[in-house]
Amino acid sequence: MSQSERSGNGHSREERYDAQRIEAKWFQRWQSDPQLYAAEPHSGKKKYYVLEMLPYPSGALHMGHVRNYSIGDALARYTWMNGYNVLHPMGWDSFGLPAENAAIQNNTPPKQWTLGNIAKMKAQMKRLGFAYDWSREVTTCLPEYYCWNQWFFLKLYERGLAYRKKSKVNWCPSCATVLANEQVLANGCCWRHEETPVEQRELEQWFLRITNYSDELLRDLAKLPGWPEKVVTMQRNWIGRSEGALVDFKLDYTQPHHGFGPAGATIRVFTTRIDTIYGATSIQLAPEHPIVNDLAADNPDLRRKVDHLIAEQRKAKEKGDIGEIEKHGVATGRYAINPFNQERIPVWVANYILMDYGTGAIMSVPAHDDRDFDFAKKYKLEIRLVILPITEDDETMAEPALPFTTIDGMLINSGPFSGLSCEEAIKKMIEDAEKGGFGKAAVTYRLKDWGISRQRYWGTPIPMLYCEKDGIVAVPEKDLPVILPESVEITLSGGSPLARVPEFVNATCPKCGGPARRETDTMDTFVDSSWYFYRYTDAHNDRAPFDSKIVQYWFPIDQYIGGVEHAILHLIYSRFWTKFMRDMGLVSHDEPVERLFTQGMVIKDGAKMSKSLGNIVSPDEMVARYGADAARLYSLFAAPPDRDLDWQDSGIEGIQRFLGRVYRFVVRNAAVARVETGTAREPALSGRSAPKGTAEQSSAARAIQRKLHQTIKRVSDDFQGRWHFNTCISAIMELVNVLYGSEDAIAQGAVPKAFLLEVQRDLVLLLAPFAPYLAHELWEMLGQKEALLKAPWPKFDAELAKEEELEIPLQINGKLRSKIVVPADSTEALVIERALAEEKVRAAVARKQIVKKIYVPGKLLNIVVK
RNA sequence: GCGAAAGUGGCGGAAUUGGCAGACGCACCAGACUUAGGAUCUGGCGGGGAAACCCAUGGGGGUUCGAGUCCCCCCUUUCGCACCA
């Protein structure tokens, strides 16, 4: 076929790549087979659990979802093709505040709104061709699921891991509910209302004792080599373990007219540098420290100043520039005794001390701490040097620049401890403090217990009752689930909407049979997502959250894929939940997720897509214009998946063009190859049955074969390694370009037909994980009967991928001067001989002395001359 | 302030181990075809220069036969953490 015949009067109708027609056809077929993507319950195959983070059913998928699921779907399909029993489920994180907002705005019940959204998004996912096992779909807002949230809550309560306490909580006025610490942004605003400062309120709340697992959550990060370093670091920082000591400073009551108040006579400080304690020249208390209240009780002037500090701290916290505010404080006029040397040091209140870290009190050592140094300078407090740097020459030990904060030092001015290294001193001083009963080793954490009470309607009811006689009483397991009532008036003020539903609130105490009031708070939705991936393995179990034996088969999750924004919240709660379930005997592993992948954001014009910027790209529109395959392939092609992706409409057009090229090539060559191979006149080119170098193998055919196997390697390697699907898709494009470049040779019959069929088969197989619609269409066109979903992945043959000739760049003194083509098996001597015969090299080397010849086999030759 | 990642053509990006910088795609330019299409095919495309060549991976040094890649200093961007005692 000549070029003009091929493209002459435009493409005939069947040569046009009509994504909509193809995708509609396969969509229909796939819908008619609900078992298509089902995981096998009993299988001798190796299992593979690939999971994408379940979405919140907001109403429509966005491009971030498409990207996330395209990665997971490609992996699932690749894994199927490699013979695994694959679990690839999907579900809905469907409780949460937006449903209530929608209810208020549209007067639609949250359930109806949510289920409607789920239906819409599920249809979008199906249209995009994602291969989910829908028989395992999990919808967290349905009683079949949240029943088990309640069941777990009872188990936590039985084990003392759920408890109720009055505490200062983060209150978002916009959400009209409490937030977990993890849901408060660094700027002190709500994670969902980035402009709304979170307030502090005192409320009775339910907490989960995640801090029981602080150490294990930290330690087991070492068991997660398959997690991004970044996420591991974020979790480590979030847990914030800090090793040090608690030391008690007694208030000095030898001062006239002072007793002590309800907070006692002892100020307990936390320090990581007990070795510097002889340098402590003041005690600094957080403004909200209980002892401050006592000290200010009969001192209105101090009270006023302290209140000012509190207000200032709060304001800074709300503005988000805590850390930026200037350090200042106020002397209380009182003194405390350093238990090591009985020295009286002044007690201050300072705005840089936080009540919610450590003990809310520190010993201030200006010479060896940056902040204490600044503070002491400002208020002219004594700065006493107690640590010297260790130098080579002991004689000339110089005074360091202050503050000297490093721990590689030696103590001076520290009584019996002088002369010890810091490390030694820390050990010894803690021992002495323990012996003396005024201190001990201690570890503090930044991680706090997880407050899960939410004063909202659309969530899992907490299965607890309050009886006038028996107090707090758990709902008996047999009475679960506590059903969330459906006709509830929803407002965003006045506490939980459930409190206004008498049928819900009024209950009977299971202990005494008397009247009881039901808990009207619901659970944080992060409870739902902490264990949902276990439910997928046994989604219809109505006797237990899941069967442990089934979980045993599928867990851990082999690959979890989602956004890095869940690095702390969801991923730390999930780890906690797994450990708690392990301690219950429900599961036997320590960590739920073997490998984690965090994909980058999809942005447009350099900014995150958002309504206000008007730069939203709608998946529906992309699918309608270019097809699902193009949308998916582009989302993988435009950038490596771990980086942000800058969406460009012209880019997806290029992808559509590429799919068209593939389509047209197969349309032109499928039938030819099929018919001819039916007669088996020509040997297949590849495989061991066809010896290389036989006459039938034109150089064009060999070139195609070489490129094919190089492509198989590149694509396969990427699935095993870096997941740089952008480069493996470009590799497939290169293969297609080679096929186009060979069309004249094909037309002349220089490419054996059986091989032509095989190349097309492999091309389709390579494309199948990324563009399933087109791949299925072409697979059928090639006359393949086997199911493409589980057809074996093409095998890479290194022999067939080998180049016969190599182009060797020639450098003179490291500068590229020329290139020569040599047989691939050339010896170094031959390459050098040929290189020296090359004209440009001869000129460059003339009248010069060759100092050195560096040959990198198959790569390059560098001749060093003088 | 601390920690991490990144910085390469007009654009997205490639170069996985120190070995031809710019693969693949977009945009653009030219040509072909013409049932005139926002289709398809072919070719060109970092900068300078007629050419030989020279310059070029945020900037400056260094190591090396050879550096986008390794080392040191600096700049910028993004992300995370942040009075954490």
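Only heavy atoms go into these numbers, but all of them, side chains included; no hydrogens, no water, no symmetry mates. Note that the structure is predicted; figures quoted are calculated from it, not measured. Quick note on labels: first sequence line is chain A, next is B, and so on, each numbered from 1.
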For [N], does OP1 or OP2 lie under 4.0 Å from any side-chain N or O of [X]?
X      : N     : result
A/T233 : B/C81 : no
A/K815 : B/C55 : yes
A/R268 : B/A85 : no
A/R643 : B/C79 : no
A/R371 : B/C84 : yes

Sidechain N-carboxylate O distance under 4.0 Å for A/E838, A/K819: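 Result for this pair is no, no salt bridge flagged.
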
Taking the basic N atoms (NZ, or NE/NH1/NH2) and the acidic carboxylate oxygens, is any pair closer than 4.0 Å for A/K707 and A/E803?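 So A/K707 does not pair with A/E803 through a salt bridge.
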
How far does the [atom1] atom of [N] sit from the matching atom of [M], given to the nearest Å?
N     : M     : atom1 : answer
B/G22 : B/C26 : C1'   : 15 Å
B/A56 : B/G61 : P     : 11 Å
B/C24 : B/U63 : P     : 37 Å
B/G10 : B/G59 : P     : 14 Å
B/G12 : B/C28 : C1'   : 16 Å
B/U8  : B/U69 : P     : 14 Å
B/A51 : B/U57 : C1'   : 27 Å
B/G25 : B/G43 : P     : 11 Å

Choose from B/A85, B/A15, B/A14 the nucleotide whose nearest atom is closest to any side-chain atom of A/R722.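 Nearest listed nucleotide: B/A15.
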
Ignoring the backbone of A/V864, work out which of B/A85, B/C41, B/C65 is nearest its side chain.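 It is B/C65.
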
Take atom [atom1] of [X] and atom [atom2] of [N], then tell me their distance rounded to the nearest Å.
X      : N     : atom1 : atom2 : value
A/M234 : B/C81 : CE    : P     : 6 Å
A/I603 : B/C11 : CD1   : P     : 15 Å
A/E243 : B/C84 : CD    : P     : 18 Å
A/L739 : B/C41 : CG    : P     : 13 Å
A/Q235 : B/C79 : CD    : P     : 20 Å
A/L810 : B/G66 : CG    : P     : 17 Å
A/I239 : B/G80 : CD1   : P     : 19 Å
A/L645 : B/G13 : CG    : P     : 8 Å

Kindly assign one of parallel, tilted or perpendicular to the pair A/H328 and A/H308, based on the angle between their ring planes and the thresholds 30° and 60°.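 A/H328 and A/H308: tilted rings.
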
Complementary nucleotide for [N] - Watson-Crick or wobble, under 3.5 Å:
N     : result
B/U35 : none
B/C26 : B/G10
B/U16 : none
B/G3  : B/C79
B/A50 : none
B/A85 : none
B/G68 : none

Indicate, with a heavy-atom threshold strictly under 4.0 Å, whether [X] touches base, sugar-phosphate, or nothing.
X      : answer
A/I353 : base
A/D372 : nothing
A/K604 : nothing
A/R625 : nothing

Closest-nucleotide mapping onto RNA chain B: is A/D644 or A/N351 further toward the 5' terminus? I mean the 5' end.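 The residue whose closest nucleotide sits nearer the 5' end is A/D644.
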
Donor on one side chain, acceptor on other, A/E565 and A/H570, under 3.5 Å: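 On atom types as modelled, these side chains do not qualify, holding no pair under 3.5 Å.
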
Take A/Q656 and A/R625, measure what side chain to side chain donor-acceptor pair (under 3.5 Å) needs, and give me the verdict at the end. CA-CA 10 Å; A/Q656 193 194 32; A/R625 268 164 64 182; over 6 Å; no

Summary of protein contacts for nucleotides 18-26 of chain B, nucleotide by nucleotide, where a base hit scores B, a sugar-phosphate-only hit scores S (4.0 Å, heavy atoms): -BB--BBSS

Distance under 6.0 Å and angle within 45° of the ring axis: does A/K327 meet both against A/F375?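 Checked: cation-pi criterion not met.
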
Given the ring of A/Y740, does A/R661 sit roughly above its face, with NZ or CZ under 6.0 Å from the centre of the six-membered ring and within 45° of the axis?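 Yes, A/R661 and A/Y740 form such a contact.
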
Need the glycosidic conformation of B/G9: syn if within 90° of 0, anti if not. Which one?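 For B/G9, whose glycosidic angle is within 90° of 0, the conformation is syn.
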
Just checking A/K378: does its NZ atom have more than 12 heavy atoms from other residues, nucleotides or ligands closer to it than 6.0 angstrom?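 Above 12, so yes.
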
Under 6.0 Å between ring centres, would you say that holds for A/F770 and A/F719?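 Here the rings of A/F719 and A/F770 have centres that are less than 6.0 Å from each other.
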
Just checking A/F340 against A/F438, ring centres under 6.0 Å apart?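 Ring centroids of A/F340 and A/F438 are less than 6.0 Å from each other.
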
Looking at B/C83, does its base get a donor-acceptor pair with the side chain of A/K327 below 3.5 Å?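 Donor-acceptor pair under 3.5 Å: yes.
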
